[in-house]
Chemist: 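Starting off with a structure, shown below.
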There are 2 protein chains.
Amino acid sequence: MQDHRNIEKQDKREHLLEVAERLFAQNGYEAVSIRDLATEAGVNVAMVSYYFQSKDNLFKTLLENRMPKTRAILEELLASDITSWEKLSKVIDMYIDKFFSGRAFHRIIMRELSLQQRPEHVKLIADNMGRNMQIIRAMIEEGQEKGQFRYVDSELTISSIFGTLSTAINNQPLMCILMKEPDPEHVYGEVYRERFRKHIKSMLQAHLLAPGRS
Amino acid sequence: MQDHRNIEKQDKREHLLEVAERLFAQNGYEAVSIRDLATEAGVNVAMVSYYFQSKDNLFKTLLENRMPKTRAILEELLASDITSWEKLSKVIDMYIDKFFSGRAFHRIIMRELSLQQRPEHVKLIADNMGRNMQIIRAMIEEGQEKGQFRYVDSELTISSIFGTLSTAINNQPLMCILMKEPDPEHVYGEVYRERFRKHIKSMLQAHLLAPGRS
DNA sequence: AAAAAAACTAAACAAACGTTTGATTTTTAG
DNA sequence: CTAAAAATCAAACGTTTGTTTAGTTTTTTT
């Protein structure tokens, strides 16, 4: 059941983090016991406390390690020499891949954010995502100032982009029913990614671009 | 701390359900112990098992009791003699109130759906929401057949409506940062509801309505 | 007023939790 | 090769969990 094939010495800590990420994503923070984690990773229960002091600290390490380094990409995009719409378009491409490929990880952080039970986790996540959102807001407002975008509600527009994607990855069973897709994993495959890409872009285009423009 | 003011005899069961709903919404299913619940409701721990057999069954009772009787409203709307856009517009009005006013309850069911840990809960929720979504889909496709709506991706359009709202109520701290609103409760007040209403309708209008129409 | 049913309680249950201990093995350094 | 350091382990710690038991009080029924 477990996959302990050649866990090198110094990789054991890393291996624990990987298994933890998968289990947390599958079952949620509280539902994963240190014993589950240790068994699945093929190490002794005490190793978790040994490496991470506590379960809570293991989770925070996970957050900090994997917390997307997206901001650099976003800032570069904002500063780049393309139209505001092209910037937004690339942002959407990036987030679809990020959310769909890393959906396990995103389920964890969304759950922690929603639960609001561990303040340190909430702060870490909200600050990070919040700053990314501000960059996207700057892109929208740039387009508005240049007369390329209508003066839509930029904050709620961002909220709709994130909402569409995060709801999709968070509610797999509902998506299956809505899409009439029997295979639960298939809804995150390339076909559906393309569909989301097309939908979000076309909706945003209609929403943002002044009538008469392409 | 607790509010036991005049709990009439036969109301004790109901009172337990109310307190449970509030606690589950605030802290999540697993984080609420029977002892927390009993203390907060001012009853003996054994009463929960007495009335509901198990914690799991208490939750299912909560779901069935409060599971929105929205479908009737939706079906009536679908059959009514107004334009497809007016139908959708009323759907949005209804869901904004439903999500914002009952956000505690919706946080619970969204969390259960996302967690996918208790299959019975998932089925109950997904079936219910799925059927509601199919009605909205029928509204959109009706508008398309009548030539009033563009041939957008109806399923993902629904996903965007629900996504915008459910992300808003699920990620309170993030919304505060995005909106630069210092008071966490204020983001669900009337001012913001109106803002969401306006945003969603204007976005959907641009998305759905063929150019040239109002 | 007596009997039956329902409501309620304090105490205990076994199981699972995160964490610690103290000893043992393995790795590293001198 | 030897001694210090790091890594690993089985076992136990004290809590907390959901649930049950067995007895008491209250309400309803006759």
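Lettering follows sequence order; numbering is per chain, from 1.
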Chemist: Does B:Gln144 reach the main-chain N or O of B:Val152 with its side chain, forming a donor-acceptor pair under 3.5 Å?
Modeler: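 Confirmed, B:Gln144 side chain pairs with B:Val152 backbone.
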Chemist: Give the residues of residues 29-37 of chain B touching DNA chain D, defined as any heavy atom closer than 4.0 Å, sorted by residue number.
Modeler: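 Going residue by residue through residues 29-37 of chain B, the ones with a heavy atom under 4.0 Å of DNA chain D turn out to be B:Val32, B:Ser33, B:Ile34, B:Arg35.
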Chemist: Roughly, in whole Å, what's the span from CG in A:Asn44 to C1' in C:dT20?
Modeler: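 So the CG-C1' distance, A:Asn44 to C:dT20, works out to 12 Å.
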Chemist: Please list, by residue number, the residues of residues 55-63 of chain A whose heavy atoms come closer than 4.0 Å to an atom of DNA chain C; answer none if no residue qualifies.
Modeler: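 DNA chain C contact set from residues 55-63 of chain A: A:Lys55.
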Chemist: Tell me which one of A:Ile109, A:Leu115, A:Asp56 satisfies side chain to side chain contact (heavy atoms under 4.5 Å, CB included) with A:His121.
Modeler: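 Exactly one candidate clears the test, A:Asp56.
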Chemist: Rounded to whole Å, how long is the line connecting atom CE of B:Met47 with atom P of D:dG18?
Modeler: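 Going from B:Met47 (CE) to D:dG18 (P), I get 17 Å.
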Chemist: Mind calculating the distance between CD (B:Glu14) and C1' (C:dA7) to the nearest angstrom?
Modeler: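 About 17 Å, once rounded to whole Å.
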Chemist: Hey, is the side chain of B:Tyr50 poking within less than 4.0 Å of OP1 or OP2 on C:dA7, counting only N and O atoms?
Modeler: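 Answer yes for this pair, as a side-chain N or O of B:Tyr50 is under 4.0 Å from OP1 or OP2.
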Chemist: Does the pair A:Arg71 and A:Glu75 meet the rule for a side chain to side chain contact (heavy atoms under 4.5 Å, CB included), with working shown?
Modeler: CA-CA 6 Å; A:Arg71 188 144 49 259; A:Glu75 270 163 354; 3.8 Å; yes
Chemist: Tell me whether the side-chain N/O atoms of A:Lys12 come closer than 4.0 Å to OP1 or OP2 in D:dT8.
Modeler: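 Yes, such a contact exists.
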Chemist: Verify whether the ring centers belonging to A:Phe162 and A:Tyr95 lie closer than 6.0 Å.
Modeler: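 Yes: the rings meet the under 6.0 Å criterion.
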Chemist: Of A:Lys201, A:Arg195, A:Arg197, A:Lys198, which meets salt bridge (charged side-chain N to carboxylate O under 4.0 Å, His left out) against B:Asp153?
Modeler: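 Exactly one option meets the salt bridge (charged side-chain N to carboxylate O under 4.0 Å, His left out) with B:Asp153, and it is A:Arg195.
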Chemist: For residues 99-115 of chain A, which residue pairs pass the salt bridge (Lys or Arg N to Asp or Glu O under 4.0 Å) check, not counting sequence neighbours?
Modeler: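 Qualifying pairs, neighbours excluded: A:Arg103-A:Glu185, A:Glu112-A:Arg118.
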Chemist: With a distance cut-off below 6.0 Å to the six-membered ring centre and an angular limit of 45° from the axis, does B:Lys55 pair with B:Tyr29 as a cation-pi contact?
Modeler: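 Output yes; distance and angle both within limits.
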Chemist: Tell me whether the guanidinium CZ or amine NZ of B:Arg193 lies under 6.0 angstrom from the six-membered ring centre of B:Phe100 and within 45° of its axis.
Modeler: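 Verdict for B:Phe100: no cation-pi partner in B:Arg193.
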Chemist: Think A:Tyr51 has a side-chain N or O under 4.0 angstrom from the OP1 or OP2 of D:dT8?
Modeler: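 For D:dT8, OP1 or OP2 has a side-chain N or O of A:Tyr51 closer than 4.0 Å.
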